[in-house]
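Structure record follows, encoded as structure tokens.
First the proteins, then the strands, lettered A, B, ... as listed; each starts at 1. From a predicted model like this one, the values you see are computed outputs, not experimental measurements.
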Amino acid sequence: MRPFSKDFYLQDTTSVARQLIGATLVRRTAKGVLSGTIVETEAYISRDPANHAFRGKTNRNRSMFGPPGRAYVYSIHRYHCLNLVTQPEGVAEAVLIRSVEPLEGISVMQRNRKTDQLRLLTVGPGRLCQAFAIDRTLDGANLADGDLVVLKGTPCTEIECTTRVGVTAGKELPLRFFARDCLFVSPPRSRK
DNA sequence: CTACCGATTGACT
DNA sequence: GTCAATCGGTAGA
């Protein structure tokens with residue numbers, strides 16, 4: 001499998017969010033390689049009050065304004081969340097990775113998360129970052145090579161679309177995508 | 001400097 | 001279903 005091209009991340013952000021279902025997230029750490037299949041994403045677009053960049057550039061969201069195909073990692077409460085930056089430099093849009101299905105390195109993920117329950121390992125944006133040891137040091141990382149990589153997988157054909165989870169603004173926008181009938185998708189598993 | 005708050009999670013009724 | 005722990009980012013004085 002190969003990483004996505006820069007052009008992939010220049011497509012419409014909702015389209016990128018949809019196409020990322022089925023892709024593979026790979027994290028290389030000192031303890032070994034961790035990987036999983038992306039099964040749930042959310043798009044954050046320009047005219048979107050839930051977007052961290054809605055009110056302009058700050059130190060925290062700067063990588064959203066940078067080139068496409070990089071990571072935007074932010075912290076919330078005591079967790080981190082991983083986004084993939086889309087659109088040309090200067091346009092702040094991104095795709096939040098909400099859940100993956102574990103592939104490699106499950107024992108390391110279990111140690112990182114302090115649980116052996118498979119579903120609690122990587123379901124939810126904060127949990128998956130903890131399992132994959134993703135924090136602000138990976139903010140701005142190039143997703144085509146390095147310690148955090150996104151590879152083309154087998155595109156998923158059974159994709160559902162709903163409103164996003166947890167947002168207080170822009171809650172009516174249908175910008176959440178997930179693999180139908182997948183067990184590794186966070187709670188609001190259906191609805192339109 | 002202080003005050004407020006969330007793209008979350010885990011514990012609990 | 002409800003609720004609060006917890007903390008960096010942000011805005012405002």
Heavy-atom contact window of chain A on DNA chain C, given 5' to 3' at under 4.0 Å:
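Taking any atom under 4.0 Å from a heavy atom of chain A, the span is C/dA5 to C/dT10.
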
Residues 143-156 of chain A side chain polar contacts: donor-acceptor under 3.5 Å, at least two apart:
none

Just to verify, what does [X] make a salt bridge (charged side-chain N to carboxylate O under 4.0 Å, His left out) with, not counting sequence neighbours?
X        : value
A/Arg98  : A/Glu40, A/Glu42
A/Glu158 : A/Arg180
A/Glu93  : none

Taking only Watson-Crick and G-U wobble pairs with both distances under 3.5 Å, what dot-bracket line describes DNA chain B, where [ ] shows pairs that cross earlier ones and | shows pairs with another strand?
||||||.|||||.

With sequence neighbours excluded, give me every salt bridge (charged side-chain N to carboxylate O under 4.0 Å, His left out) pair touching residues 45-72 of chain A.
A/Asp48-A/Arg164

Quick one: what's the B/S/- string for nucleotides 2-13 of chain B, heavy-atom cutoff under 4.0 Å, read 5' to 3'?
----BBBSS---

Pairs touching residues 147-166 of chain A that satisfy ring pair (Phe, Tyr, Trp, His ring centres under 6.0 Å), sequence neighbours left out:
none

Which ring pair (Phe, Tyr, Trp, His ring centres under 6.0 Å) pairs, counting each pair once, include a residue from residues 126-156 of chain A, with sequence neighbours left out?
none

Under the side chain to side chain contact (heavy atoms under 4.5 Å, CB included) test, which residues partner A/Ala133, sequence neighbours left out?
A/Arg27, A/Asn112

Enumerate, atom names and distances included, each donor-acceptor pair closer than 3.5 Å involving a side-chain atom of residues 31-38 of chain A, sequence neighbours excluded.
{"residue": "A/Ser35", "atom": "OG", "partner": "A/Glu104", "partner atom": "N", "Å": "3.2"}
{"residue": "A/Ser35", "atom": "OG", "partner": "A/Glu104", "partner atom": "OE2", "Å": "2.6"}

Please answer whether the main-chain N or O of A/Leu120 pairs with a side-chain N or O of A/Arg113 as donor and acceptor at a distance below 3.5 Å.
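Present.
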
With sugar-phosphate meaning primed atoms plus P, OP1 and OP2, does A/Arg60 contact a base, only sugar-phosphate, or nothing at under 4.0 Å between heavy atoms?
sugar-phosphate

